[in-house]
Visitor: 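Starting off with a structure, shown below.
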Amino acid sequence: MEKVNQTFFLSHGSPTLSIDDSLEARQFFKSWKNNVLHQKPKSILIISAHWDTKFPSVNTVLRNSTIHDFYGFPDPMYKLKYEAPGAIELGKRVKELLMGEGGMKRVDEDTKRGLDHGAWVPLMLMYPEADIPICQLSVQSSQNGTYHYNMGKALAPLKEEGVLIIGSGSATHNLRKLDFSAVNGSPVPWALAFDHWLRDSLLQGRYGDVNKWEEKAPNAKTAHPSPEHLYPLHVAMGAAGVDAKAEQLHTSWQLGTLSYSSYSFTSSL
């Protein structure tokens, strides 16, 4: 079994990523197998900002259904399906690691939930064949960055077991401040300042600062009025390890304030 030496944080942006060919980020996700990760993972663990629970939860299903958890979008988006196999054994392994290594008292299994758009929209573009077993893990917005980083640390052994760990969120996420007049996706200053701080912190390996982003980052509360879209980053970062090398794989913008900045974390051997 080939181990996976990288973890990833992907900014999934708007659900329109699923159909809008004009978005630069869509081309990035579609080129995934050619340009980013050539090996085919045994299974995928995806941590999505759109599953927010009090206690960590994994979905343990035979086949993933497609959750259309968005409103007021074009009809064709509600017909899209991504019915990848479930990964029940992986879900149970995640639970075992979080309760053992991670010291968590409670991890729930959800035997009905499929994949929300934070998971299936990017995965549909990255792995359109839908033939890789997928397990989804929730975030806890009532907790902090360090909690999610430690969650990732507990999950690090999965890489040795051929599991691809993906955090799917957004480098910036304030839907109340979308700028519909933005030209060519050019970002507004406060969003760009946060995005650049995040990029520089990651590339310089200042993971401790990223864990304390609410204190350290410029415009933190404007960029993330609620934290759930950043926490998948902390899980991916923690799973990669303290000496992991970060690389920015993509950056583009939509509606002035929505960053598609995405990163890989390569573990030191």
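When a residue number appears, it is its place in the shown sequence, counting from 1.
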Visitor: Can you classify the ring geometry of Trp32 versus Phe28 as parallel (below 30°), tilted (30 to 60°) or perpendicular (above 60°)?
Guide: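 Trp32 vs Phe28 ring planes: perpendicular.
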
Visitor: Determine, for Asp20 against Arg26, whether the closest basic-nitrogen to carboxylate-oxygen distance falls under 4.0 angstrom.
Guide: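 So Asp20 does not pair with Arg26 through a salt bridge.
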
Visitor: Taking 4.0 angstrom as the limit, do Arg93 and Glu96 come out as a salt bridge?
Guide: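 Salt bridge: yes.
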
Visitor: For Pro133 and Gly86, work out which heavy atoms get closest and say how close.
Guide: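 Heavy-atom minimum between the residues: CB-O, 3.4 Å.
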
Visitor: Examine His250 together with Tyr263 and report whether their ring centres are nearer than 6.0 Å.
Guide: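 No, the ring of His250 stays outside the 6.0 Å limit from the ring of Tyr263, centre to centre.
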
Visitor: Mind jotting down which residue pairs meet the ring-ring contact (aromatic ring centres under 6.0 Å, His included) criterion with at least one end in residues 83-120? Sequence neighbours excluded, please.
Guide: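 Listed by first then second residue: His12-His117, His50-His117, His68-Trp120, Phe70-His117.
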
Visitor: Can the ring centres of His148 and His234 be said to be less than 6.0 Å apart?
Guide: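 Distance test on ring centres: not under 6.0 Å, no.
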
Visitor: Say whether, by atom type as modelled, one donor and one acceptor occur between the side chain of Ser262 and the main chain of Ser11 under 3.5 angstrom.
Guide: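 Flag set: sc Ser262 to bb Ser11 pair under 3.5 Å.
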
Visitor: Quick check: are there more than 12 heavy atoms from other residues, nucleotides or ligands sitting under 6.0 Å from NZ of Lys33?
Guide: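 Yes, because the 6.0 Å sphere around NZ of Lys33 holds more than 12 heavy atoms from other groups.
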
Visitor: Tell me whether Glu161 is salt-bridged to Lys3, with the criterion being a basic N under 4.0 Å from an acidic carboxylate O.
Guide: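 The answer is no: the pair does not qualify as a salt bridge.
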
Visitor: Find the distance between CD (Gln248) and CG (Leu203) and round it off to the nearest 0.5 Å.
Guide: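 That separation rounds to 6.5 Å.
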
Visitor: Whether Glu2 and Lys40 form a salt bridge (side-chain N of Lys/Arg under 4.0 Å from carboxylate O of Asp/Glu) is what I want to check.
Guide: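 Here Lys40 does not pair with Glu2 in a salt bridge, since their nearest N and O are not under 4.0 Å apart.
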
Visitor: Can you name the nearest heavy-atom pair linking Ala49 to Val139, along with the distance?
Guide: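 Where Ala49 meets Val139 most closely, the heavy atoms are O-CG2, 4.2 Å.
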
Visitor: Can you find a heavy atom in the side chain of Ile47 that is under 4.5 Å from one in the side chain of Tyr231?
Guide: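 In short, these two side chains do not touch, never coming nearer than 4.5 Å.
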
Visitor: Answer whether the closest heavy-atom distance between the side chains of Ile19 and Pro74 falls below 4.5 Å.
Guide: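 Ile19 vs Pro74: side chains touch.
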
Visitor: For Lys159 and Ser267, run side chain to side chain donor-acceptor pair (under 3.5 Å): C-alpha distance rounded to whole Å, both residues' side-chain angles, the deciding distance at 0.1 Å, then the answer.
Guide: CA-CA 10 Å; Lys159 296 177 300 179; Ser267 307; 2.7 Å; yes

Visitor: Quick one: do Lys112 and Asp110 make a salt bridge, cutoff under 4.0 Å?
Guide: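 No, Lys112 and Asp110 are not salt-bridged.
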
Visitor: So how far is it from Asp179 CG to Gln254 CD, rounded to the nearest 0.5 Å?
Guide: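 Output value for this atom pair is 12.0 Å.
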
Visitor: Show me the side-chain donor-acceptor pairs of residues 207-223 shorter than 3.5 Å, one per line, residues at least two apart or across chains.
Guide:
unit_1, atom_1, unit_2, atom_2, d
Tyr207, OH, Ala244, O, 2.7
Asp209, OD2, Arg206, NH1, 2.9
Asn219, ND2, Trp190, O, 3.1

